[in-house]
Amino acid sequence: MKILSAEQLKEADEVTLKTEGISSTRLMERAASLVFNEIHTRLEGADINIKIFCGIGNNGGDGLVVARLLHKYGYKVEVYVVNYSDKRSDDFLVNYDRYKKESHTWPELIKREEDFPEISPGDFVVDAIFGIGLNRPAEGWLAKLLLHINESGAFCLAVDMPSGLFPDKVPAEDTAVIKANYTLTFQTPKLVFFLPQSMKYAGEVQVLDIGLDRGYLKEVQAMAQLIGKREARHLYKPRDKNSHKGDYGHTLVVGGSYGKIGSIVLSAKSTLRAGAGLCSVFVPKCGYEILQSSFPEAMVITDENDKELTNIKTDLEPDVICFGMGAGKSSNTVKAFKNLLGRIKNPMLIDADGLNMLSENNELLGLLPKNSVLTPHPKELERLIGKWNDDFEKIHKIEKFTKKYKIILVLKGAHSFVFSGKHIYINNSGNSGMATAGSGDVLSGIIAGLMSQKYEPLVAAILGVYLHGLAGDICAEESGYEALISGDISDNLGKAFLALMKDEKK
C-alpha cells in the first residue's frame, strides 16, 4: 500500500473532484460517512456519551458529518467547535448548517480554557480538530485542550490524523498532540504513524478507502510502501515440483566466538526454515560440537583458532554468505572479514558484529558487494551513519548512505524499514513480544535463506522481514508476548509461509 504525502493527497482530492465531477462537500460526505460506519459498527447503538471536537477547517467538517449521522441514529452526541481562528473552510460552514438543521441543536463554541467541557473516562471522544493540514504546533488554550482530552481517560478516535501531529515532521517533546486510541485515516497511511518518535500518537490505525482517483493513485510516486500480507504474497515464488535441494541455493553462515555460538545456531537454522537447500556454517573450533549436536542439518567448517575467527577459507562456493552474528571485533576477526570482503562478489547479508566492524573500520564499507543487505538495530545504525536529530533526518541519512555504498539496509524496529537507496518499504507484521534476544539473528538467517533461493536481495529483505514478523505474530497468538523467544520465531516459519498463502475467510 502506498504511503503519500499531505501534498499528494491534496492533489488526489483535486483530481478526484475533477474526474468525477463532484463537489468537495460531496467527497467530504463520502469520507466522513465511512468514519460513521466504523463507529456505528463498533458501538452498535450503545448508550454512551459521544463528544466530538471539531476544528474549523475540513477536518472539522468531517467531524460535523459524523456528528449529524450519529445523531440521526439516536446516539447521545455533543459537538464542540474549537474556535482557534476567525477563518472557516467552505465545507465546514456547509456541514455546520446541516448539523444545526438536522439535529435541531447548536454546537458549543470553545475559544478559551473556561469553555472546556468535562470529559469522563467512560466517554467516547472523536478528534476532528486539525487533520493533516497542521503546519505549526498548538499553543495557549488550544494546546491545553489537547492535553485536557488526553488526561480525561476517555477513549479517543482520531479522524485522519491525531490533532497536533504533523504529517511531515516529528513534534517536539513538549508539543501538545492528541494520543488517540484509534485512528481512522483516509485513503493511505501517513508516514508518521510508523516512525518510532511519533507512532505512539496514532494508536491502532485503520485505512478507509474513500475512493480517490484510481489513475492518480496508481501513477503517483509514493513516499514509501507499506508491506502487508497482500504485498508480501506477490513477492513469494512458488516451488517447482520437479526440483532438488541444489535448486534452492547454498547459504554459508559465518560468525561466532567463544560463548557466542548460539546466535549462529539461530541464524543457520533460519536459513533452512526459510527454504535454502543447503546450509554450511563457518565458526571457531569451539562451536563445532555445539552445531553438530544442535543442528545436524548443517555442514560445519571450523577456523584454525579455537575461540575466534582468524582465517575464513573454504572450498565452498555458496550462493550467499551471512556474516557477523556473535563474531566479536578482535583485530584478527576484522582482518579475516576484510580478506573475505576482498574475495566475495555476490551480495552478502551482514549483521551484528559485522556491522560494528564496518562502523569502526570505514574503509571496509567500500569493499561491500553491490546489493548487500545490512540489518542494523537503531544503535548499530547510529554507529554506521552518525547521530540524528529526529526520524526524518535519520531517513535522509540512511538514503544517502544506501545510495553511496549501493546497498540495502533493514532498520529493525516495531515497524522495520527497508531502504534500497531509491525506495522505502515499511513492514506491518510483528509484535512487541519479538523484542527478545536472538530475534535479529533469526531475521538475518531468513533473509539470507531467501537470497540463496535467487530472490533479489531487495525482495528477500522485504519478504524476509514480513515473514519474520508474521511468524512472531503466530507465536504470540499461541504463547503470548512475554513467553516468546527467538527460537520460536524460527520454528514457526513454516506456519508463516502457510498463513501467507492462505486466503482470508470472507
Can you list every ring pair (Phe, Tyr, Trp, His ring centres under 6.0 Å) pair that touches [range], not counting sequence neighbours?
range: residues 348-406; result: Phe401-Tyr405
range: residues 224-253; result: none
range: residues 302-352; result: Phe323-Phe337

Would you compute the distance between atom OG of Ser5 and atom CE of Met223 and round it to the nearest 0.5 angstrom?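 Rounded to the nearest 0.5 Å, the OG-CE separation comes to 6.0 Å.
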
Salt bridge Arg273-Asp491, side-chain N to carboxylate O under 4.0 Å: yes

Ionic contact status for Asp351 with Lys412, cut-off 4.0 Å: yes

Exercise answer: donor-acceptor pairs, residues 156-167 side-chain atoms, under 3.5 Å, sequence neighbours excluded:
| from | atom 1 | to | atom 2 | distance (Å) |
| --- | --- | --- | --- | --- |
| Asp160 | OD1 | Thr185 | OG1 | 2.9 |
| Asp160 | OD1 | Phe186 | N | 2.9 |
| Asp160 | OD1 | Lys190 | NZ | 3.1 |
| Ser163 | OG | Asp127 | OD1 | 2.5 |
| Ser163 | OG | Asp127 | OD2 | 3.2 |
| Ser163 | OG | Ile129 | N | 3.4 |
| Ser163 | OG | Phe130 | N | 3.1 |

Who passes salt bridge (Lys or Arg N to Asp or Glu O under 4.0 Å) against [X], sequence neighbours left out?
X: Glu399; value: none
X: Lys387; value: Glu382
X: Asp391; value: Lys394
X: Glu478; value: Lys495

Modelled atom types, side-chain donor and acceptor of [X] and [Y], under 3.5 Å:
X: Asn356; Y: Glu380; answer: no
X: Gln206; Y: Glu38; answer: yes
X: Asn332; Y: Ser330; answer: no

How would you list, by chain and number, every residue that makes a side chain to side chain contact (heavy atoms under 4.5 Å, CB included) with Pro457, sequence neighbours excluded?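 So Pro457 forms a side chain to side chain contact (heavy atoms under 4.5 Å, CB included) with Pro347, Asn371, Val373, Ile408, Met451.
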
Taking only residues two or more places apart in sequence or in another chain, which ones pass ring-ring contact (aromatic ring centres under 6.0 Å, His included) with Tyr455? none

Quick one: ring-ring contact (aromatic ring centres under 6.0 Å, His included) partners of Phe155, sequence neighbours excluded?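 Phe155: ring-ring contact (aromatic ring centres under 6.0 Å, His included) contacts with Phe124.
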
Sub-4.5 Å side-chain heavy-atom contact between Leu365 and Leu367: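 No. Closest side-chain heavy atoms not under 4.5 Å.
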
Atom pairs and distances, side-chain donor-acceptor, residues 462-470, under 3.5 Å, sequence neighbours left out:
| from | atom 1 | to | atom 2 | distance (Å) |
| --- | --- | --- | --- | --- |
| Tyr466 | OH | Lys229 | N | 3.3 |
| His468 | NE2 | Ser439 | O | 3.0 |
| His468 | NE2 | Ser439 | OG | 3.3 |

Short question: side chain of Arg239, backbone of Gly275 - any donor-acceptor pair under 3.5 Å?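 Indeed, once roles are kept as given, a pair shorter than 3.5 Å links the two residues.
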
